[in-house]
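As structure tokens, the structure follows; a few thoughts come after it.
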Amino acid sequence: MSSKNKNQFHEIDQKWQSRWEKNSPYKALNPGDPGFDPQKKTYYVLDMFPYPSGSGLHVGHASGYIGTDIIARKKRMEGFNVLHPMGWDAFGLPAEQYALQTGQNPRTTTDVNSTNFRQQMKKMALSYDWSREIDTSKPDYYQWTQWIFLQLFKKGLVYRKEMYVWWCEDLKTVLANEEVINGRSERGNFPCERRPLTQWVFKITEYAERLLSDLDLLDWPASIKKQQADWIGKSNGAEIDFQIFGSKNKIKVFTTRPDTLFGVSALVLAPEHPLVASLIADSHRSNVQSYLKKSSAKSDRERKADVDDVSGEFLGTYVEHPLLENQKIPIWIADYVLVDYGTGAVMSVPAHDERDFKLAKKCQLPILPVVKKNLEEVPSTATCFDGDGILIRSGRFDGLTSEQARIQITQALEEKKLGQAKVSYKIRDWIFSRQRYWGEPFPVSFNQAGVPVPVQESELPVLLPDMKDFSPSADGSAPLARLEDWVEYLDPQTGEKKFRSTDTMPGWAGSCWYYLRFMDPKNPDQFVSDQAKNYWHQVDLYVGGAAHAVMHLLYARFWHKALFDLGLVPTPEPFKKLFNQGMVTAYAFKDPTGRLIPSDEVQQLGPNKYAHKTTGVAAEKIIAKMAKSLRNVVNPDDVIAERGCDTFRLYEMFMGPLDSEKPWADEGISGCEKFLKRVLIYFLQENGETKPEMTADAPAANAVDRSLNKCLKRIDESFENFNFNTAVAALMECMNELMTVAAAGAGKQKNWMNQSQAEFFLKMLFPLAPHVASELWEKLGHAQGLDFASWPKLDAAKLVDTQFELVLQINGKIRKKVMVAMTIDQAGAMELAHSQLQEFLQGKSIRKIIFVPQRLLNLVVS
RNA sequence: GCCCCGGUGGCGAAAUUGGUAGACGCACAGGACUUAAAAUCCUGGGCUUCGGUUAAACGGGCGUGCCAGUUCAAGUCUGGCCCGGGGCACCA
């Protein structure tokens, strides 16, 4: 055991962590704070704050936090005023579920869990400004969540509406569209169903266009931008009115293909379309009613599963074609038409739409091709062509391209007042009510007429009342509805009887604006002061997992834009640069049937041979998510306890690029530990003091300067790209070179670094391994910590080597490698080639010479 | 089905953006130190039913998922295919 060295790291860890705890060097100063320096530029680097779960942080969460910590530390050294805060996303379903399961109050569990998280983070030496810690479930925070809600309510962005919403019976609450994936809850994977309910709803659709187009302003991963764009789902097209035959009424449809208007063979409505009832001909009533019955019985899932088997029913009534005289088009209903997209009705063009084609095939509707791929093509009714082409059988529009026809046909419809160009979006308004306990109460009450009225700002916060039994009600009503004394009250201003809204806000509410509160977390009078928000502006770098692509990241952008429009924030977007860290996975095992076996039930029999301990069944080693059930979760506390914090931080970064998924392997960590031990050995004498040569007046070896600058160049690039693995490699390589240079010295006169070189090295080491770097920095005689020491500047002149290895190639194949002077030119290289490559040149003539300075010489011969 | 991203030694990975593939590290093997072990240090390593040699040194050939192409030169560029991961999927 290397107990001596391990203790060495632990002592260093504890010494510096308690010093940082005492001095709080990472406190960010706001304008007006004592010691504030207005000259400094700002940098706001933020982690997605966690929900403090009962199971604590695992090494996967840590990777993103360590990445931002490295950036924060380097930015401080570069002279920025760095805002790097942390807090708890404490309201919401997971916290409430956990409390219910453990039979505790969510207030208690939240406090216990966040205390645990904070301690874990401090052990990792994450340089947060803990004086800014926030908890979204505390009244001094959520009073401002409620205040912002009120501002958005007054702006007309919130409404109450009975609508078809996703209801989750297991969670006993309504969920947002974004929270339901393939008909199951994002949280817990429970089945959900559609129900008509009256809910609080945010008009996020009003911001659809800006949420889409402002993605261009953002330095975000392309995949996240694309997911948001897909979710918003913009399509350009036209709205067309079809006159109901024998009636004054019209049916509106939305289409992206007005160019196919002359190929319409039916008008198809969603079964839930409000006009359906009035359009059924008596002769068809029984058939239609049985179809309606069948389709309403189907769940959303079943309707989706029926994609390949479309069905529909003729209503027995007709509409008129808007551009063709005396053309009757039958009206149908069909499952595949969705009531809540577009207008809930489509014009069916079987020749040019896959689903319409299927319906036509099944129900013998005419297939009328009106677009052909090219001039030569003979249109066929056997297949469906959904691309653009050239119009036929479309009267005066024949011969136009699809693109031209879309414009001209839309114009023709506009002239007849039967249509217009229209943009449609997939995104729906945001259902904001939850029938659960652990969330912000709404700051809106109902008067006796049932009209929602905002509470006075002076009445905020509307406190979440204590409840012993806060479990969801069986009938789907909110738990708060059981508190009759709380619900019903007399308005203190008017004396009027009022009723509180008994739903609570979803977990997303607090996270929609927390990054603003961090700018001014203790302000009792405002959600954030003008001075603070105009100083910090917006988050410069935001790091977190990709899972939030269309939930938190879309909701927060929406709130922020609404606040921007109200003049309450200075920027149109909250997060300038976004970076997604990759998941840290772990090895797990599965048996031949594919079932996963917990790691602690597996024994190793040989290289790559594993089996179940008790049953002896062969096990295969695979890579899987860390999960309690697989018992493959790695806790950072354990790793730190065994190896020290700096080793842990280095290894987290050394495993691979921050954005890629990588498996945690315990064996690999020893390399990082060895590196840090080598650093100590290099710097320190037997007595624990730094090497006597590390003084200001010791001569500086050129080879050392070269190594240091080479290393710095790689570290700067690595931090820029979040490939921290190459920064660790650069430091290791640099240390190896320094050792070699030192060993080359004769006898006791080793070539150690002098003081300024040693300081250069420690500055580079500090963001990654702050404890060891700080300790050695102090031993070099510094009373001030490294936290604000200036980041080294690259000296390009010091990078220059005198010699390099010139590669000599014949026809692209490497034949010789020769050490030559950096300055060698083509003539010099040719001279060398003639003497070194004689055997390859004999009897051949040189056709071409390629000389790449400071790299290679390639001769093409034949 | 459509759209992204990826595929490099036994393993995690690197490669100045077209210029020495495998840096750095793990695991492994051999050696030093030690009574021994641990720790530490040194050395080695892509493959090869090719030549060479007692063995080595050395040399040849092949090699970044597969097939073709562009180029003096391809992990890197182009086209096609296979595999893995992620996203979207009745959106009219």
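Chain A is the first sequence line, chain B the second, and so forth, proteins listed ahead of strands; every chain is numbered from 1.
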Could you tell me the separation between the [atom1] atom of [X] and the [atom2] atom of [N], rounded to a whole number of Å?
| X | N | atom1 | atom2 | answer |
| --- | --- | --- | --- | --- |
| L857(A) | A73(B) | CG | P | 15 Å |
| L856(A) | G18(B) | CG | P | 15 Å |
| E686(A) | U40(B) | CD | P | 16 Å |
| L859(A) | U71(B) | CG | P | 20 Å |
| L650(A) | C26(B) | CG | P | 13 Å |
| E717(A) | U17(B) | CD | P | 9 Å |
| M732(A) | G12(B) | CE | P | 17 Å |
| E673(A) | U40(B) | CD | C1' | 13 Å |

Looking for any heavy atom pair under 4.0 Å, which part of the strands does [X] touch: base, sugar-phosphate only, or nothing?
| X | value |
| --- | --- |
| S670(A) | sugar-phosphate |
| I814(A) | sugar-phosphate |
| K226(A) | sugar-phosphate |
| Y587(A) | sugar-phosphate |
| E805(A) | base |
| G668(A) | sugar-phosphate |
| N736(A) | sugar-phosphate |
| N725(A) | sugar-phosphate |
| V852(A) | base |
| Q809(A) | base |

Can you tell me if CD on E720(A) sees more than 12 non-hydrogen neighbours from other groups inside 6.0 Å? no

Check this for me: K422(A), atom NZ, are more than 12 non-hydrogen atoms of other residues, nucleotides or ligands nearer than 6.0 Å? no

Integer angstrom distance from the [atom1] of [N] to that of [M]:
| N | M | atom1 | result |
| --- | --- | --- | --- |
| A13(B) | G6(B) | C1' | 14 Å |
| G79(B) | G86(B) | P | 26 Å |
| C83(B) | C72(B) | C1' | 34 Å |
| G10(B) | A27(B) | C1' | 8 Å |
| G63(B) | A68(B) | P | 11 Å |
| G22(B) | A32(B) | C1' | 29 Å |
| G69(B) | C62(B) | P | 16 Å |
| A57(B) | U53(B) | P | 14 Å |

Checking contacts here: which listed nucleotide ([options]) is nearest the side-chain heavy atoms of [X]?
| X | options | value |
| --- | --- | --- |
| S235(A) | U20(B), C72(B), A92(B) | A92(B) |
| L338(A) | G25(B), U40(B), A92(B) | A92(B) |
| D353(A) | C72(B), G12(B), A92(B) | A92(B) |
| Y341(A) | A92(B), C72(B), G12(B) | A92(B) |
| F654(A) | G12(B), U40(B), A73(B) | G12(B) |
| Q227(A) | U20(B), G87(B), C41(B) | G87(B) |

For a quick check under 3.5 Å, do [X] and [Y] share a side-chain donor-acceptor pair by atom type?
| X | Y | result |
| --- | --- | --- |
| N189(A) | R184(A) | yes |
| Y336(A) | S311(A) | no |
| Y425(A) | E209(A) | yes |

Output yes when at least one side-chain N/O atom of [X] is less than 4.0 Å from OP1 or OP2 of [N], else no.
| X | N | answer |
| --- | --- | --- |
| K813(A) | C62(B) | yes |
| R815(A) | G60(B) | yes |
| S348(A) | A92(B) | no |
| K848(A) | C72(B) | yes |
| Y336(A) | A92(B) | no |

After noting the C-alpha distance and the side-chain angles of F648(A) and C672(A), does the key distance pass the side chain to side chain contact (heavy atoms under 4.5 Å, CB included) rule? CA-CA 8 Å; F648(A) 170 68; C672(A) 293; over 6 Å; no

Identify the nucleotide, in any strand shown, that forms a Watson-Crick or G-U wobble pair with [N], with both distances under 3.5 Å; if there is none, say none.
| N | result |
| --- | --- |
| G30(B) | C42(B) |
| G6(B) | C83(B) |
| G1(B) | C88(B) |

What is the glycosidic conformation of U20(B): syn, defined as within 90° of 0, or anti?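 Anti for U20(B); the angle lies over 90° from 0.
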
Syn or anti conformation of G80(B), syn meaning chi within 90° of 0: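 Anti.
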
Can you check whether any acceptor in the base of C88(B) is under 3.5 Å from a donor in the side chain of D230(A), or vice versa?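 No, the side chain and the base share no sub-3.5 Å donor-acceptor pair.
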
Taking the nucleotide of RNA chain B with the nearest heavy atom to each, does A729(A) or G656(A) sit closer to the 5' end? G656(A)

Between P657(A) and K674(A), who's closer to the 5' end of RNA chain B by nearest nucleotide? P657(A)

Measure up the Y651(A) and W664(A) rings against each other and bin them: parallel (under 30°), tilted (30 to 60°), perpendicular (over 60°).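 It falls in the perpendicular class, over 60°.
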
W220(A) six-ring centre to K225(A) NZ/CZ under 6.0 Å and within 45° of normal: no

Counting C-beta onward and ignoring hydrogens, is there a side-chain heavy-atom pair between E661(A) and T585(A) closer than 4.5 Å?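 Result yes, sub-4.5 Å side-chain heavy-atom pair found.
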
